[in-house]
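The structure appears right after this line, and notes come after that.
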Amino acid sequence: MAKLRTAIDSSFWDLNISSPQNIDGWAKAVPGDPFPLDASVGSRLFRHQQLSEQLSPRFGIIPSFAPSSVKEVGSFSLQSLLLNLTTNRWWLAATGQFRPRKMIVDLKNEISNATEFNLSTVKGVAKHFIDKSHYSYGLTSQFSFSPSTSALFALEGHGEKERRRKKVMFFHELPEHDLTVEAAWPQLFVDHKGRYWDVPESISVDLSSFVSDSGLRYRFGIHKNNGNPQAINSTDSDTPLSLLPGLCAKAAFTYDKIKYFWKNKEIEKEYKKLTPYDVRLKEPHAAVSGIIGSSFASWIWNGKNFSGIDSGEDQAVSKRRKRSRFNADLFGSVCYTFQQGRFMKRFGDLTRVDARLDISSASGLAKKILNGFKRSSADLNEQSSASPRLNLIFQQQVAGPVVFRADSRIAIESLTRKHGIYIEDFICSLNYSLEFLESGKIVAWYSPKRKEGMVELRLFEF
C-alpha cells in the first residue's frame, strides 16, 4: 500500500524528508502541513551506510543536485565515504562532498588568463584546489550502550557557510515502543511548498508504539523550538506556525485497515523458477486501505518571555498570538491500489497504481466547506492543510529490476478552478531493485518543484 503511516508521522517534528541540502541526506517535514509525497520520505539508512561498499559496491560515489546559497558553487555535487570505523558497539563515519562547478570555472579562468606557465600559475591553480567553498563534510558516530539503547552524535560543515550543524540523538527500544530523543543546532525543515527553514534550536522527545495486529498505533511527543526560524531559499514567505519558538506537547492515535478485492497468491508454472526483484511487489492484487486518527496538541510555552514582556511587534510575535494554546483535530487517508504482474520477468511484469485521498485537518475542511471553499482572511499557512489532497503514484517496470515511478499531489480545490488541475508537488524517479536484499533498491529521484535530486539506497521502504 502507499505509506499510510505518514498521516501520523507528519504531525510530529521528526519525519525525515529526502533532501540533498544536508550531508546526511534529509530535512524535517514541517508539522501541520499537508502529508508529504511517499517518494519524498527519507531513507532509514544513514548516509554513510548508503555509501558503504560493504552494503552495495555500486554506491562508491553518488551525485546530487541542490541549489546552493552561493550560486557560484553550482547545484551539482558528488558525495563519497571518506572514513568508516566499526567495532561491536561503536562506529565512526566521515562523509565528504565536492561541488566541481566553481573549481572548473576558476581553473579555466586561471589558465586562460596566464601569459605563461610558471610557478605563480601553479600556485594559482593549487589555490583553487584548496578553496573550502568547494567542499563539505559530515562526521557521524554512534555508540551502543546495549542492544536496545544507543546514542548518535553528528557534525556537519559546509565550506560556503560559516555555521556548522550539530545533532545529538538517543534511541531506546522498549517492549512494543520506540523512544527517540533528538536535538539539533540548527535543524533544517522543508514545507509543502519546497521552502527551507533553519530553526536555531530544535529538541524533540518522541514515544511511538509499534503497529499492533488490530491496526492501532499511537505516539506521544514533546518538542521545543528556540530562536526565530530563518528562510533559506525564500525571502517573502511567512514562517510556519509550528516552527516558531515554543514548547509543545502532542499525542496522536490512529487505526488502519485494509480490504482486498482480489489477491493472486498462486504461482503459475512460468513463475516457479523465478524470484521476484522485490518481495513486496510479488503479488498482483486490488485493495482499499485506510487510516483514521486524532491528534491533540498543547503549546505549554508559546515562545514569549516568561516575564510576560514581548520583545516587540515583529512578525514572529504577531504570529505567536494566532497560535492556539490547545488544538485537537482529526485526520485520515483512504487509498485504492491496483497491481498487475509479479515483478519477476524481464519485461512487462509490473504495473501499479495507487490513488490516495488525504485529509490533514478535518476541522479545517469543515470550516472551508462552511465558508463555501472561499479564501478567508486567516493566515494561509494555517489554511494549507484545510484542503484534501489527492496523491497519485504510478509505477511501471522498464526492464528487469528497473522501475519508473511518478508521484504527484493535487489539491482537490484546484479541480474546481477554470485554469485546470494544479499539481502541487511532483517527484519522478528510477528505482533499481537489489535482489540480494529482498526488498532494497537504489533510487534516483528528481523534484522539479524544489529543483533538487539525489541518489539514495532504501531498504524495506515501500
Side-chain angles (χ1 to χ4, degrees), residues 1-17 28-38 40-42 44 171-182 187 189-192 202-225 240-244 246-258 289-302 323-335 356-367 381-389 391:
M1 299 298 105
K3 294 178 181 176
L4 295 177
R5 65 176 181 267
T6 56
I8 184 173
D9 291 342
S10 60
S11 298
F12 292 78
W13 280 263
D14 64 344
L15 178 61
N16 291 326
I17 300 297
K28 301 295 183 181
V30 173
D33 270 8
F35 305 153
L37 292 177
D38 285 2
S40 68
V41 177
R44 297 178 185 176
F171 309 93
H172 183 62
E173 185 177 332
L174 298 166
E176 305 299 327
H177 297 82
D178 280 330
L179 174 65
T180 305
V181 180
E182 180 175 356
Q187 183 69 275
F189 287 85
V190 57
D191 63 23
H192 71 289
S202 176
I203 303 174
S204 297
V205 180
D206 284 285
L207 179 68
S208 177
S209 71
F210 299 157
V211 179
S212 64
D213 295 336
S214 63
L216 291 172
R217 186 189 176 197
Y218 53 87
R219 284 191 66 174
F220 301 96
I222 298 177
H223 182 85
K224 179 179 180 291
N225 285 332
L241 292 176
S242 58
L243 300 187
L244 292 173
L247 178 65
C248 180
K250 179 170 283 192
F253 305 84
T254 60
Y255 173 76
D256 62 76
K257 193 72 175 177
I258 182 170
S289 57
I291 186 171
I292 186 171
S294 60
S295 63
F296 308 88
S298 174
W299 287 93
I300 303 171
W301 171 51
N302 218 11
R323 189 166 60 188
S324 300
R325 285 283 186 178
F326 179 81
N327 178 266
D329 210 342
L330 297 174
F331 58 87
S333 297
V334 60
C335 177
R356 190 183 75 199
L357 180 65
D358 294 334
I359 298 178
S360 304
S361 172
S363 62
L365 176 60
K367 292 177 182 178
N381 285 307
E382 294 181 283
Q383 301 298 318
S384 62
S385 60
S387 298
R389 261 74 175 181
N391 284 265

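- Side-chain N or O atoms of Asp329 include none that pairs as donor or acceptor with a backbone N or O of Ser361 at under 3.5 Å.
- Taken to the nearest 0.5 Å, the OG atom of Ser333 stands 7.5 Å off from the CG atom of Leu357.
- The pair Lys3-Asp9 does not count as a salt bridge, with every side-chain nitrogen at least 4.0 angstrom from each carboxylate oxygen.
- Side-chain atoms of Asp33 come within 3.5 Å of backbone atoms of His192 as a donor-acceptor pair (strictly under, hydrogens ignored).
- The shortest heavy-atom contact between Ser40 and Leu37 is OG-O, 2.7 Å.
- Between Pro34 and Ser360 the shortest heavy-atom distance is CA-OG, 3.4 Å.
- Closest of all the heavy-atom pairs between Val30 and Pro240 is CG1-CB, 3.7 Å.
- For the atom pair Lys257 NZ and Ser214 OG, the distance stands at 8.5 Å (nearest 0.5 Å).
- A distance of 12.5 Å separates CG of Asp358 from OG of Ser387, quoted to the nearest 0.5 Å.
- Scanning for side chain to side chain contact (heavy atoms under 4.5 Å, CB included) contacts around Leu247 gives Ile222, Lys224, Ile300, Trp301, with sequence neighbours left out.
- For the pair Arg356 (side chain) and Val334 (backbone), a donor-acceptor distance under 3.5 Å is absent.
- Interatomic distance, Gln187 CD to Trp13 CH2, rounded to the nearest 0.5 Å: 12.5 Å.
- Side chain of Ser242 to main chain of Gly32: no donor-acceptor pair is present (N/O by atom type, distance under 3.5 Å, no hydrogens or angles).
- Across all non-hydrogen atoms, the minimal contact from Phe35 to Thr6 is CD2-O, 4.3 Å.
- With values rounded to the nearest 0.5 angstrom, Asp38 atom CG is found 8.5 Å from Leu4 atom CG.
- The two residues Gly221 and Phe12 make their nearest non-hydrogen contact at N-CE2, 3.8 Å.
- The only option from Lys250, His223, Arg219 that meets the side chain to side chain donor-acceptor pair (under 3.5 Å) definition with Asp206 turns out to be Arg219.
- The heavy-atom pair separating Ala29 from Ile17 by the smallest distance is CB-CG1, 3.7 Å.
- The side chain to side chain contact (heavy atoms under 4.5 Å, CB included) test applied to Phe253 returns Tyr218, Phe220, Ala251, Ser294, Phe296, not counting sequence neighbours.
- In this structure a side-chain-to-backbone donor-acceptor pair under 3.5 Å is missing from His172 to Asp178.
- Listed by chain and residue number, Ile8, Arg217, Ile291, Phe331 satisfy the side chain to side chain contact (heavy atoms under 4.5 Å, CB included) test with Thr254 (two or more places apart in sequence, or in another chain).
- Distance check: Leu330 CG to Leu365 CG gives 11.0 Å after rounding to the nearest 0.5 Å.
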